[in-house]
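Report on one structure; see the data block that follows.
Order of the sequence lines sets the chain letters (A, B, ...), proteins ahead of strands, with each chain counted from 1.
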Protein chains: 2
Amino acid sequence: MVRLTDVARAAGVSTSTASRALSRPTMVAPETRERVARAASEMGFRLNATARALTTGRTGLVGVIVPTLANPFFPPIVTGVQQALTEAGGNVLLGVSDRSAERERELATQLGSRVDGLILVAPVNADAEVRGIAERLPVVTVDRTVPGLPGVVVDTPGGVRKLMAHLLGLGHRRIAYLGGPPGSWMDRQRRKAAREAVAEAGGELIVLDPAPPQFDAGLAAAEHLVRREERVTAVMVYSSYVLLGILMGLGNAGLRVPEDISLAASDDLTVIGMTQPGSTALHVPLDEAGSAAFRLVREAPPAGGRPPRVRIPTRLVVRESTAAPRR
Amino acid sequence: MVRLTDVARAAGVSTSTASRALSRPTMVAPETRERVARAASEMGFRLNATARALTTGRTGLVGVIVPTLANPFFPPIVTGVQQALTEAGGNVLLGVSDRSAERERELATQLGSRVDGLILVAPVNADAEVRGIAERLPVVTVDRTVPGLPGVVVDTPGGVRKLMAHLLGLGHRRIAYLGGPPGSWMDRQRRKAAREAVAEAGGELIVLDPAPPQFDAGLAAAEHLVRREERVTAVMVYSSYVLLGILMGLGNAGLRVPEDISLAASDDLTVIGMTQPGSTALHVPLDEAGSAAFRLVREAPPAGGRPPRVRIPTRLVVRESTAAPRR
DNA sequence: ATGAAAGCGCTAACAA
DNA sequence: TTGTTAGCGCTTTCAT
């Protein structure tokens with residue numbers, strides 16, 4: 001292995017000069033800098049990141065702990081962090097907790113000593129534990145807020161409002177809402193938003209039983225919709241997986257979208273833009289959530305005051321699955 | 001920050017004894033070990049991974065470079081590496097190359113000095129460049145082989161053969177094959193496997209134009225299938241996205257699966273198991289590919305001989321979308 | 001079984 | 001602008 005010392009000797013300068021030439025070029029005479037650079041490249045030298053980290057106290061790494069990578073919600077967040085981090089020359093140290101609180105804590109302590117900050121995505125630990133982690137190093141949460149800590153959340157309730165406004169604007173008054181995941185806090189937020197929006201416009205929101213975010217739940221929901229006495233003219237679904245199932249289920253039952261019924265989803269995580277007809281949905285910029293989180297960890301730790309919070313807005317993308325109701 | 005020295009002092013031993021007590025417990029008297037452990041936990045001490053890495057020369061990190069996380073093929077591989085690594089107490093340092101050869105090289109050198117080994121997933125650089133990277137540290141490729149380097153590949157051609165055998169066994173003789181991605185090496189391998197399998201059984205393989213791995217390509221393919229003069233009785237599709245599109249397209253056209261036509265896919269990356277009917281497909285154990293890759297990087301660098309290669313078999317999962325043809 | 005001492009490769013005062 | 005000198009926090013001979 002080629003060390004900085006070797007390069008320095010080859011260039012006929014001291015180690016510190018070589019160090020400066022490589023890490024703080026402006027502090028060194030152009031001619032010297034050039035000589036060091038040449039020696040370094042000739043010898044195939046690379047600064048040892050570990051040694052650097054030890055002296056500077058900064059590793060250039062950010063830890064990202066996610067519950068899983070199997071849910072398409074999470075990879076884009078990681079990608080977002082990585083993108084923002086790349087511009088700063090850093091890298092992502094990844095942890096997958098598998099939704100285990102213990103594993104999450106383990107990962108946090110393991111990664112803790114090798115990163116400059118930690119991004120906890122949808123952490124499963126209790127507030128107190130998460131705050132405990134944050135005592136050792138800068139921590140930012142994503143898709144969840146923890147009192148006292150900086151956080152990034154995606155504004156899906158706001159998105160639901162936009163979606164409802166769109167449907168109401170088209171003339172729909174009887175709108176079904178298929179929420180989920182069953183029992184989740186987010187589900188309640190979204191349902192509340194939907195109910196308010198529809199009530200304000202004098203419409204009626206039919207709240208269906210919440211469903212798991214799966215294709216077959218959509219198939220079942222479609223059957224239910226078809227069988228209902230009082231037809232709704234539009235359906236809003238919280239998951240694009242479920243929407244896909246509904247789309248197929250309605251097709252099997254001979255109902256046409258959007259002629260017979262309008263359909264919209266509150267995320268675009270699946271192939272939803274390419275369905276036939278293309279599905280109206282909220283675009284959820286998860287990569288932005290990731291890069292926002294990075295910016296927050298990088299910032300100086302909040303000096304006791306209110307921790308910064310970032311709310312990522314969603315964007316309504318209208319496609320062919322929504323239209324005015326038939327009269 | 002609490003250092004090992006602080007713990008040692010609190011426990012009334014030397015730094016080296018404290019170090020041993022924590023890292024090589026058997027080298028220390030049980031009573032001493034206990035005292036150090038107690039002091040450490042009382043003071044909330046954690047060994048500093050960076051300092052450790054500097055002295056031992058091993059970081060406990062493995063770099064994983066993927067083209068993207070947006071394609072569902074890649075996250076499971078990362079998860080597989082992480083799982084295997086977890087048992088060894090290590091972590092994953094992630095890089096996303098965005099399919100840029102230059103970025104991939106940058107990442108490789110950046111990560112190179114902070115990891116014990118590098119796993120390159122579907123690298124885009126030329127063989128020579130990849131080998132160059134491997135001169136500095138252990139490198140394993142996944143989903144591609146590079147002469148001279150250890151590698152892990154998924155045996156999809158073998159899977160295609162299994163799938164074809166299944167269809168032929170059901171009695172199908174006119175089978176359509178919808179391949180892709182257009183022009184890819186893998187596509188040729190799979191097509192070859194399909195053709196051979198069908199030919200051996202005296203059947204006829206109708207090769208459709210290769211399609212991109214997208215939902216709407218499936219819709220288009222469904223239309224084409226419906227319009228064909230000579231109906232095929234079964235279709236094999238290389239991508240589960242495309243299969244989803246076909247399923248919906250056939251449904252729209254009033255064709256029933258599997259009564260009118262059997263359908264099978266050569267991967268199970270999407271919600272394919274939950275469709276209605278459930279779709280016969282190959283299970284592709286990408287997490288196993290990831291953990292196999294980890295085992296290969298961890299092994300001693302191959303001493304000049306043939307580099308180890310691991311071929312991950314796929315598994316045929318028969319569901320309701322395939323049945324005997326109507327006669 | 002324990003301690004003293006010498007680094008790992010680099011950066012950062014402090015001088016010159 | 002450059003060099004000298006201490007470390008960063010830990011592990012590891014080498015003694016004892």
Side-chain angles (χ1 to χ4, degrees), chain A residues 1-37 39-40 43-61 89-90 109-116 136-137, chain B residues 1-37 39-40 43-61 89-90 109-116 136-137:
Chain A
M1 167 187 260
V2 193
R3 291 154 314 162
L4 185 57
T5 320
D6 305 325
V7 174
R9 190 172 325 125
V13 298
S14 76
T15 321
S16 36
T17 300
S19 173
R20 292 187 195 105
L22 264 24
S23 303
R24 325 265 276 268
T26 59
M27 293 184 65
V28 157
E31 190 257 348
T32 319
R33 183 196 315 158
E34 175 54 27
R35 200 144 32 94
V36 173
M43 307 171 78
F45 170 78
R46 324 247 109 214
L47 280 168
N48 180 315
T50 306
R52 260 191 127 184
L54 190 59
T55 39
T56 61
R58 309 199 332 93
T59 63
L61 299 183
T109 44
Q110 265 181 42
L111 303 193
S113 72
R114 17 183 48 142
V115 300
D116 296 334
R136 304 182 146 269
L137 79 171
Chain B
M1 166 186 261
V2 193
R3 292 155 312 163
L4 185 58
T5 320
D6 305 324
V7 174
R9 190 170 327 122
V13 297
S14 74
T15 321
S16 31
T17 301
S19 171
R20 291 186 196 106
L22 264 24
S23 305
R24 324 265 275 268
T26 59
M27 293 183 67
V28 157
E31 191 258 347
T32 318
R33 182 196 314 161
E34 176 55 26
R35 201 146 30 93
V36 173
M43 306 172 78
F45 170 77
R46 323 247 110 214
L47 281 168
N48 180 314
T50 306
R52 253 189 132 187
L54 189 59
T55 39
T56 61
R58 307 197 335 94
T59 63
L61 299 183
T109 44
Q110 265 181 42
L111 303 193
S113 72
R114 16 184 50 144
V115 301
D116 296 335
R136 303 182 147 270
L137 80 172

Quiz item: Under 4.0 Å: is that the gap between some side-chain N or O of Ser23(B) and OP1 or OP2 of dT11(D)?
Solution: yes
Quiz item: Hey, is the main chain of Thr109(A) close enough, under 3.5 Å, to the side chain of Ser113(A) for a donor-acceptor pair?
Solution: no
Quiz prompt | Side-chain donor-acceptor pair present, Arg52(B), Thr59(B), cut-off under 3.5 Å | solution = no
Practice problem: Tell me which nucleotide among dC10(D), dG3(D), dC10(C) gets nearest to the side chain of Ala51(B). | Solution: dC10(D)
Quiz prompt | Nearest-nucleotide 5' precedence on DNA chain D, Leu54(B) against Arg20(B) | solution = Leu54(B)
Exercise. Would you indicate which nucleotide in dG3(C), dG9(C), dC10(D) comes nearest to any side-chain atom of Thr55(A)?
Key: dG9(C)
Exercise. Take atom CG of Leu22(B) and atom C1' of dT12(D), then tell me their distance rounded to the nearest Å.
Key: 16 Å
Practice problem: Round to a whole Å and report the spacing from CZ of Arg24(B) to P of dT11(D). | Solution: 9 Å
Quiz item: So does Ser14(A) get a side-chain nitrogen or oxygen closer than 4.0 Å to the phosphate oxygens (OP1/OP2) of dG3(D)?
Solution: yes
Quiz item: Can you find a side chain N or O atom of Ser19(B) that sits less than 4.0 Å from OP1 or OP2 on dT12(D)?
Solution: no
Quiz item: For the side chain of Asn48(A), counting heavy atoms from C-beta on, which of dG9(C), dG9(D), dT2(D) is nearest?
Solution: dG9(C)
Practice problem: Return the nearest nucleotide to the side chain of Ala29(A); candidates are dT1(D), dC10(D), dG9(C). | Solution: dT1(D)
Practice problem: To the nearest Å, give me how far apart CG (Leu47(B)) and P (dG9(D)) are. | Solution: 13 Å
Self-check item: Length of the line joining Glu34(B):CD and dA1(C):P, which is rounded to integer Å
Solution: 17 Å
Quiz item: Which whole-number value in Å describes the distance from Leu4(B) CG to dT12(D) P?
Solution: 12 Å
Quiz item: Does dT11(D) have OP1 or OP2 sitting under 4.0 Å from an N or O in the side chain of Arg52(B)?
Solution: yes
Self-check item: Arg33(B) side chain vs Ala21(B) backbone, donor-acceptor pair below 3.5 Å
Solution: no
Quiz prompt | Atom-to-atom span, CZ of Phe45(A) to P of dG9(C) - whole angstrom | solution = 10 Å
Practice problem: Kindly indicate whether the side chain of Thr17(B) and the base of dA1(C) share any N or O donor-acceptor pair separated by less than 3.5 Å? | Solution: no
Self-check item: Value in whole Å for how far the P atom of dC8(C) lies from CG of Asp6(A)
Solution: 11 Å
Quiz item: Is a side-chain donor-acceptor pair under 3.5 Å present for Ser14(A) with Thr17(A)?
Solution: yes
Exercise. Indicate yes or no for a side-chain donor-acceptor contact from Arg35(A) to the backbone of Ala11(A) under 3.5 Å, with no hydrogens or angles considered.
Key: yes
Practice problem: Could you work out which one of dT1(D), dC8(D), dT11(D) sits closest to the side chain of Thr32(A)? | Solution: dT1(D)
Quiz item: Roughly, in whole Å, what's the span from CZ in Arg33(A) to P in dT1(D)?
Solution: 10 Å
Quiz item: Given dT11(C), dC10(C), dT12(D), which nucleotide is nearest the side-chain atoms of Thr56(A)?
Solution: dT11(C)
